[in-house]
There are 2 protein chains.
Amino acid sequence: MAPAERTRSTGRDRLRDSVLAGDLSFLLARANARALAAANTALAPHGLKARSYSVLALAADEVRPTQRELAEFLHLDPSQVVALIDGLEQRHLVERHADPADRRANVLVATEAGRALFARAQDAVRAVGLDSLASMTPRDHERLAHLLRLLAFPD
Amino acid sequence: MAPAERTRSTGRDRLRDSVLAGDLSFLLARANARALAAANTALAPHGLKARSYSVLALAADEVRPTQRELAEFLHLDPSQVVALIDGLEQRHLVERHADPADRRANVLVATEAGRALFARAQDAVRAVGLDSLASMTPRDHERLAHLLRLLAFPD
DNA sequence: ACGAACCGTTGAGAATGTCAATTATTCAGG
DNA sequence: CCTGAATAATTGACATTCTCAACGGTTCGT
C-alpha cells in the first residue's frame, strides 16, 4: 500500500485528514473564525465589528433588550456590554432608556440613524456571507441553521 | 392580535426570536462559544485549553505538522504558535524536530507522555461534548459535521 | 552568487476576557 | 414599614489574546 499518496498535493491543507479535523468542536471553531473574519471586513467600512453589529441589531429590533440580557445572549461580561454601548451611544446610534419596570435596568433602543446604519451593515454582511454559502443549497442552509440552533440554545 | 404573548415566559431567552437569532453567523458564534467553554472546563484538570489541546492533537497525530501549517490550520498568528508550543514543550509533551526537507522549519511531534495526556484529554472532551449533543441523532451529527466542513474548508 | 521569499522568533501595543468592588434599586420576610 | 439579600449597571485592575513589524537563518529562482 502506497503511503501518503492521497492528500500530499500542494503541501497545504495537509492536516485536513487528522483526527482533529473530524472533531465537531474544531469544525465549529474554524467555521466561526472564517465567518467572523469575513463579517469584520465587511463591517469595517461602516465602523462596526461583529460585536457592535450584534448589539446594534438587537437595539434596532423591537425587543428592547436589557444590558444584562445582551450580556447573556452574546456570551459577554456585563462590563464589555457597557463599553460596547458607550461606543454606539457616542455615535448616536443607540440610546439607553430607563426601564419603567425596573429602574436599575437600562433598555437599549436604536435611533433612526442606528436603524439606517444597521440596514446598510446588514446588506454588507449578507453580501459576503453568500460568498461562503453559495455552494450550499437553501435546503442545507436551513438544515444547518436548525442544527446550530440546537447547539446554541440547548433547552 | 395579542402583543408579545409567546415568549415572555420567564424573562430570560426573550431575545431568541430577534432577527439576529436567525443569522447563521450568530448561531455559529454562539454555538462555538458554548462548545469552547465546555471544552475548556473539561480540559482545565489536564492543564490544557482548547488551543493547546488542538496543537497537542495534531502533534499526537502522525501528520508531523510544521509550525506554519499549524498557524494556518488553527487560524493563528505564527507568534502565537511559538508560545503555545513553548508551553507544551516545557512540560515535555511535544518536541520540535528539525524538518529534514527544510532546515528553516520545525516539525512538531508528541512525546509518549504527550500522547498519553492527549488520550485522557480527548476522553474528557468527549464526555462533556455529549452533554450538548445527546439530543442529536448520529445521522444529524454527521450532517452537521458535513455542513460545517463546507464552511470551515471552502475549496 | 545574488536577491527575493519564507520559517521561526521576539517584542510592542491594541483589543479582549475575567474578576472584584461600588452604587442604586428591587424584593422577600419579619 | 424596615432590614438584609440579591440584582443591574458601572468602574477599574489585571491577565490573556490579537495584530503587526522587525530580525537572523534558510531556501529558491535566476
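Heavy atoms only: backbone and side chains are in, while hydrogens, waters and symmetry mates are out. Labels below follow one simple rule: chain letters A, B, ... track the order of the sequence lines, proteins then strands, and each chain is numbered from 1.
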Atom [atom1] of [X] and atom [atom2] of [N]: how far apart are they, to the nearest Å?
X        : N      : atom1 : atom2 : result
A:Gln80  : D:dC14 : CD    : C1'   : 14 Å
A:Asn106 : C:dA24 : CG    : C1'   : 12 Å
B:His75  : D:dC18 : NE2   : C1'   : 14 Å
A:Arg96  : D:dA8  : CZ    : C1'   : 12 Å
A:Asp99  : C:dT25 : CG    : P     : 13 Å
B:Asp86  : C:dT9  : CG    : C1'   : 9 Å
B:Asp102 : D:dT26 : CG    : P     : 10 Å
A:Arg104 : C:dT22 : CZ    : C1'   : 15 Å

Inset, instruction - Go through the steps for A:Gln90 and A:His92 under the test side chain to side chain donor-acceptor pair (under 3.5 Å), then give the verdict. - result: CA-CA 5 Å; A:Gln90 281 167 18; A:His92 304 287; over 6 Å; no
Inset, instruction - Remember a base hit wins even if backbone is also touched, and classify B:Asp77 as base, sugar-phosphate or nothing at under 4.0 Å, heavy atoms. - result: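 It contacts base atoms.
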Inset, instruction - Using heavy atoms to find the nearest nucleotide of DNA chain C for A:Leu76 and A:Pro100 separately, return the residue whose nucleotide is more 5′. - result: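 Between the two, 5'-proximity favours A:Leu76.
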Inset, instruction - Check if the side chain of A:Ser79 and the base of C:dC19 share a donor-acceptor pair of N or O atoms closer than 3.5 Å. - result: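 In this structure, the two groups form a donor-acceptor pair.
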Legend entry - Donor-acceptor contact present, side-chain A:Arg115 to main-chain A:Ala110, <3.5 Å: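 Such a contact is found between A:Arg115 side chain and A:Ala110 backbone.
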Inset, instruction - To the nearest 0.5 angstrom, please state how far the CZ atom of B:Phe73 sits from the OG1 atom of B:Thr66. - result: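 Output value for this atom pair is 13.5 Å.
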Inset, instruction - Using side-chain contact (heavy atoms from CB on, under 4.5 Å) as the criterion, point out the one residue from B:Leu108, B:Leu48, B:Thr111 that pairs with B:Leu88. - result: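 Only one of B:Leu108, B:Leu48, B:Thr111 forms a side-chain contact (heavy atoms from CB on, under 4.5 Å) with B:Leu88, namely B:Leu48.
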Check this one for me: any side-chain N or O of [X] less than 4.0 Å away from OP1 or OP2 of [N]?
X        : N      : value
A:Gln67  : D:dT10 : yes
A:Lys49  : C:dT16 : yes
B:Arg68  : C:dC7  : yes
B:Arg103 : C:dC7  : no
A:Arg51  : C:dG17 : yes

Inset, instruction - Examine A:Val107 and A:Leu84 and state if one hydrophobic cluster contains both, with Ile, Leu, Val, Met, Phe, Trp and Tyr joined whenever side-chain heavy atoms are less than 4.5 Å apart. - result: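 Shared cluster, no.
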